[in-house]
Amino acid sequence: MSAPETTASSPPQEHKKIFLAAVDESEESIHALSWFVNKILPASSSGHHHRSTLVLVYVKPPPPLYFSPDGHVFSADVMAAMDKYRNDVAECVMVKAKRVCKQAAGDNDNGDYQVKVETMIENGDARDVICQVAEKLGVDVLVMGSHGYGPIKRAFLGSVSNHCAQNVKCPILIIKRPKSNN
């Protein structure tokens, strides 16, 4: 019996890390993204030139069905204006989130800190959509902020971060914004 043949092999493929950051128009969301890109992302991408991707996802809530005071559904023009507003909000959130990422990259003097930033704007219930996107992309970590609602508000308003923590299949990092001293 002869020894197994050895051949020169290519270096092992490094796993490309994918981070998903859920963003919305809240200060808590932007704080969480900023904290993550400044504190965690540089350490995770050190020495991994272009091997990490940060996906920013914003979920537009489904359009509500509006009725006028006399019981009629609003006109197509009014509905179009409301839809345009929702799209404008989504675009503003993404511009702000991308600016946070760009500032973090500019503040880091390490030449190895290079992370590809992608954006996604989805429609639906944020709780379900974020979990679906995380699974679809096979993300390594989901990052999101917490509004810090107490139990009563959370019971009425729901908690996106709590829902995701219970249902997403990847690790999740929930970042709370420090309380101000005011």
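In what follows, residues are counted from 1 in the order of the sequence shown. In this text the structure is predicted, and so the values were computed from the model without any measurement. Basis for what follows: all heavy atoms, side chains included, without hydrogens, waters or symmetry-related copies.
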Rounded to the nearest 0.5 Å, what's the gap from [atom1] on [X] to [atom2] on [Y]? Could you check?
{"X": "Arg177", "Y": "Ser29", "atom1": "CZ", "atom2": "OG", "result": "11.5 Å"}
{"X": "Leu20", "Y": "Leu137", "atom1": "CG", "atom2": "CG", "result": "6.5 Å"}
{"X": "Lys60", "Y": "Asp24", "atom1": "NZ", "atom2": "CG", "result": "15.0 Å"}
{"X": "His163", "Y": "Cys131", "atom1": "NE2", "atom2": "SG", "result": "4.5 Å"}
{"X": "Tyr85", "Y": "Asn87", "atom1": "OH", "atom2": "CG", "result": "12.0 Å"}

Under the salt bridge (Lys or Arg N to Asp or Glu O under 4.0 Å) test, residues paired with [X] that sit two or more places apart:
{"X": "Glu122", "result": "none"}
{"X": "Asp83", "result": "Arg86"}
{"X": "Asp77", "result": "none"}
{"X": "Lys136", "result": "none"}

Could you tell me whether the side chain of Asp140 and the main chain of Phe19 form a donor-acceptor pair under 3.5 Å?
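Answer holds: no.
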Under the side chain to side chain contact (heavy atoms under 4.5 Å, CB included) rule, what do Val55 and Val139 come out as? Steps first, then yes or no, please.
CA-CA 9 Å; Val55 179; Val139 302; 5.9 Å; no
With [X] via side chain to side chain donor-acceptor pair (under 3.5 Å) - residues at least two apart:
{"X": "Thr53", "answer": "Lys16"}
{"X": "Ser161", "answer": "Ser159"}
{"X": "Gln166", "answer": "none"}
{"X": "Glu25", "answer": "Tyr58"}

Would you please name every residue forming a side chain to side chain contact (heavy atoms under 4.5 Å, CB included) with Ala22, sequence neighbours left out?
Val57, Ile130, Met144
List in chain and number order the residues that pass side chain to side chain contact (heavy atoms under 4.5 Å, CB included) with Lys98, two or more places apart in sequence or in another chain; answer none if no residue qualifies.
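Partners of Lys98 by the side chain to side chain contact (heavy atoms under 4.5 Å, CB included) criterion, ordered by chain and then number, come out as Leu56, Thr119.
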Non-hydrogen atoms of [X] and [Y] that approach each other most closely:
{"X": "Asp125", "Y": "Val59", "value": "C-CG1, 4.2 Å"}
{"X": "Leu33", "Y": "Ala21", "value": "CD1-CB, 4.0 Å"}
{"X": "Ala32", "Y": "Val143", "value": "O-CG1, 4.4 Å"}

Measuring only between side-chain heavy atoms, which start at C-beta, is [X] closer than 4.5 Å to [Y]?
{"X": "Pro178", "Y": "His31", "result": "yes"}
{"X": "Glu135", "Y": "Gln132", "result": "no"}
{"X": "Leu54", "Y": "Cys101", "result": "yes"}
{"X": "Cys170", "Y": "Val141", "result": "no"}
{"X": "Leu173", "Y": "Trp35", "result": "yes"}

With a cut-off of 6.0 Å (strictly less than), are more than 12 heavy atoms of other residues, nucleotides or ligands near CD of Glu118?
yes
What do the steps show when you test Lys102 against Arg99 for side chain to side chain contact (heavy atoms under 4.5 Å, CB included), and what is the final call?
CA-CA 5 Å; Lys102 187 173 184 176; Arg99 188 178 317 124; 5.6 Å; no
